[in-house]
Amino acid sequence: MNEANKNILVTNALPYANGPIHIGHMVGYIQADIWVRFQKMQQRNIVYVCASDAHGAPIMLSAEELGVEPDELAEQYTKQHAKDFSDFLIEFDNYYSTHTEENEALVLEIFEQLKQSDCIEKKIIEQAYDKQEKMFLPDRYVRGTCPQCKSGDQYGDSCEKCGATYKPTDLIEPKSVLSGEAPILKESEHYFMKLKKFESFLENWINQIQIHDSVKSKLNEWFQIGLKDWDISRDHPYFGFKIPDEDEKYFYVWLDAPIGYLASLKNLSNKKESGINYEDYFSDNDNCRLVHFIGKDIIYFHALFWPAVLEGAGLKKPDAIFVNGFLTVNGEKMSKSRRTFIKARSYLEHNNPEYLRYYFAYKTNSGIDDFDLDTIDFKNRVNSDIVGKWINIASRCSKFINQHFDNTLGKTIDESLLENFENASDEISELYENREFGQAMRKIMLLADQANQYLDQEKPWVMIKDTKMKEHVLEVCTTAINLFFKLMIMLKPVMPNIAKNGEIFLNVKNLEWQNIHDRLTNHEINDYKPLITRITSESIEAMLDK
RNA sequence: GGUGAUGUAGCUCAGACGGUUAGAGCGUCGCACUCAUAACGCGAAGGUCGGUGGUUCAAGUCCACCCAUCACCA
């Protein structure tokens, strides 16, 4: 089957419903959204889903502290996150939650399949236990002094200072974060996924899918060490789905989280009006592609555990895993004390989301490197590229068309420059496809430069004073408006709202990628209104102040 | 500590296969223009391509080591 005709299911990593989204999170969502919007403009069949990751000990404990039920807390954050995404113009076809009937049904089904294919075993393990709180403690909930380098206040699994790894009870003077008491070791029976069985399958599989080389070499680290079986159960108290035939045991949140992708698709297909059929987008045949966008911190879950689970359950495996790096702000890790921690909401209160979408696009390549939001660079880049180069084309010639030509574009057009733009569109299209958004933006802005140079050479503001030249002014402005129009299509995946307002200005509708070859001639347009305003130092300061 | 990555003009980044005077945008400075959201155009300054050593007729581009930064370690 032709790649272009396949149905594509795209997912974004599930945000954890235990706190607000910050702009570092937004990197992956904006990248995926741009890619999906580009695919939709190519009229591909594509479904883009996400959901809230609603289970696990941290949510349970936060809820307890706030005196609410964990599902209520998760629900609150789910709504807040969905609003943040939508205000950043992330256009999911469905945003759901892992704490749902659809997900539980899928989890139970997949677990049953895993048991039947002999992928599950029970083992007794020893784990840190807080006697006072009566609960087993995740490693991160035990802190103490590193037994190797003696650094104080380290987590229970590894030392941030020297990198040593150990058991929580190996710490010197270990303390439960919850009660402050020293934890004891207690035995418990856990369910394990036999990950070792999948070692050769996985090594083979990662060479068949679309995944960046540096991610592969990352995965090779784990293959070289050898995969360990994966603990997929947790003891009471825990917030998650109960394991069948067990009273006090739950599925580990990372088992049900990726299954949440499928639950979100299932939920969408259950809505009749969506017109989406589950099997069309998730079944083990050649007609569909499964594409995950994730952050580099969760590579092992998506490229080791998840495909192993799918393989064990006899289901379709991912075809592509696109990994993004992290965001730093002004060269630093985001931090509240350094005024570099920016919540999605604080950003939105003071700045236009499309500024950030453009800046992130400008910084995006197919690799997994981190990138920096330098606030000065951000302001210069956006103001110069979007306002000074692109929007400026419309702004500087629309008045002529309005005042002298009754808002109607001419019949003739300067072909050479237009063809140049159209020819560039294939290359730009390929850059979008390969998620080389940064290169795409640079190429597009070089075209915008050409348009501005063209206007500068033709000087319509001089010619308009000579009535004999009036027709030529019309041709120049018509050409420039067409150049603007083509740039608008190329930038639509990144800045959909500006494009939408641009469509109103140009009196056209729902532009697709192929419309790049259209010519607007003898065509009435509307009065020009500024499509975006510049970023100011004040608006940047304001978002950092939170 | 292990592993992976990064280090090119003030800033952000391009630079298959090693090959003439290392590129772009932004910023800075100068000139010009006045249609445009003090936008746009032209021009200039600015780099011993992290360091050292090696391979080669030739290295930013390959190799080794070192330094710095970042990330991950279930």
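Chain letters run A, B, ... following the sequence lines, proteins first, then strands; residues in each count from 1.
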Could you work out which one of [options] sits closest to the side chain of [X]?
X	options	value
A:Asp297	B:rC72, B:rU37, B:rG25	B:rC72
A:Asn380	B:rC72, B:rA36, B:rC26	B:rC26
A:Ser395	B:rU34, B:rC72, B:rU37	B:rU37
A:Leu446	B:rA71, B:rA24, B:rU6	B:rA24
A:Asp456	B:rA71, B:rG41, B:rC73	B:rG41
A:Trp461	B:rA74, B:rU34, B:rA71	B:rU34
A:Tyr300	B:rA5, B:rU37, B:rA74	B:rA74
A:Lys389	B:rG25, B:rC72, B:rC40	B:rG25
A:Asp449	B:rA74, B:rG41, B:rA71	B:rG41
A:Phe400	B:rA71, B:rC35, B:rA74	B:rC35

Neighbour count >12 (heavy atoms, 6.0 Å) for atom [atom1], [X]:
X	atom1	value
A:Ile376	CD1	no
A:Lys123	NZ	yes
A:Glu121	CD	yes
A:Lys459	NZ	yes

Does some side-chain heavy atom of A:Lys443 sit less than 4.5 Å from a side-chain heavy atom of A:Leu447?
no

Does the side chain of A:Ser366 come within less than 4.5 Å of A:His212's, by heavy atoms?
yes

Any base atoms under 4.0 Å from [X], or only sugar-phosphate, or nothing? Heavy atoms, all strands.
X	value
A:Asn392	base
A:Gly295	nothing
A:Ile376	nothing
A:Leu219	nothing
A:Trp222	base
A:Phe301	nothing
A:Ile464	nothing
A:Tyr528	base

Flag the pair A:Asp374 and A:Arg381 as a salt bridge only when some basic side-chain nitrogen lies within less than 4.0 angstrom of an acidic carboxylate oxygen.
no

Does B:rU61 have a Watson-Crick or wobble partner in any strand here, with both distances under 3.5 angstrom, and which is it?
none

Scan every strand shown for a Watson-Crick or G-U wobble partner of B:rU20, both distances under 3.5 Å, and answer none if you come up empty.
none

Whichever of A:Lys529 and A:Ser214 has the more 5' nearest nucleotide on RNA chain B, that residue is A:Ser214

Ranking A:Phe326 and A:Pro530 by the position along RNA chain B of their nearest nucleotide, the one closer to 5' is A:Pro530

Closer than 4.0 Å, any side-chain N/O of A:Lys218 to the OP1 or OP2 of B:rU3?
no

Using only side-chain N and O atoms of A:Arg534, determine if any of them is under 4.0 Å from OP1 or OP2 of B:rA39.
yes

Can you confirm if the aromatic rings of A:Tyr29 and A:Phe88 lie within a centre distance of less than 6.0 Å?
no

Show me the protein contacts with nucleotides 11-18 of chain B, counting only N or O atoms at under 3.5 Å.
from, atom 1, to, atom 2, distance (Å)
B:rU12, O3', A:Lys363, NZ, 2.9
B:rC13, O2', A:Arg442, NH1, 3.4
B:rC13, O2', A:Arg442, NH2, 2.7

Which value, in whole Å, describes the distance between the P atoms of nucleotides B:rG47 and B:rA24?
15 Å

Looking at residues at least two apart in the chain, or sitting in another chain, which of them share a ring pair (Phe, Tyr, Trp, His ring centres under 6.0 Å) with A:Tyr362?
none

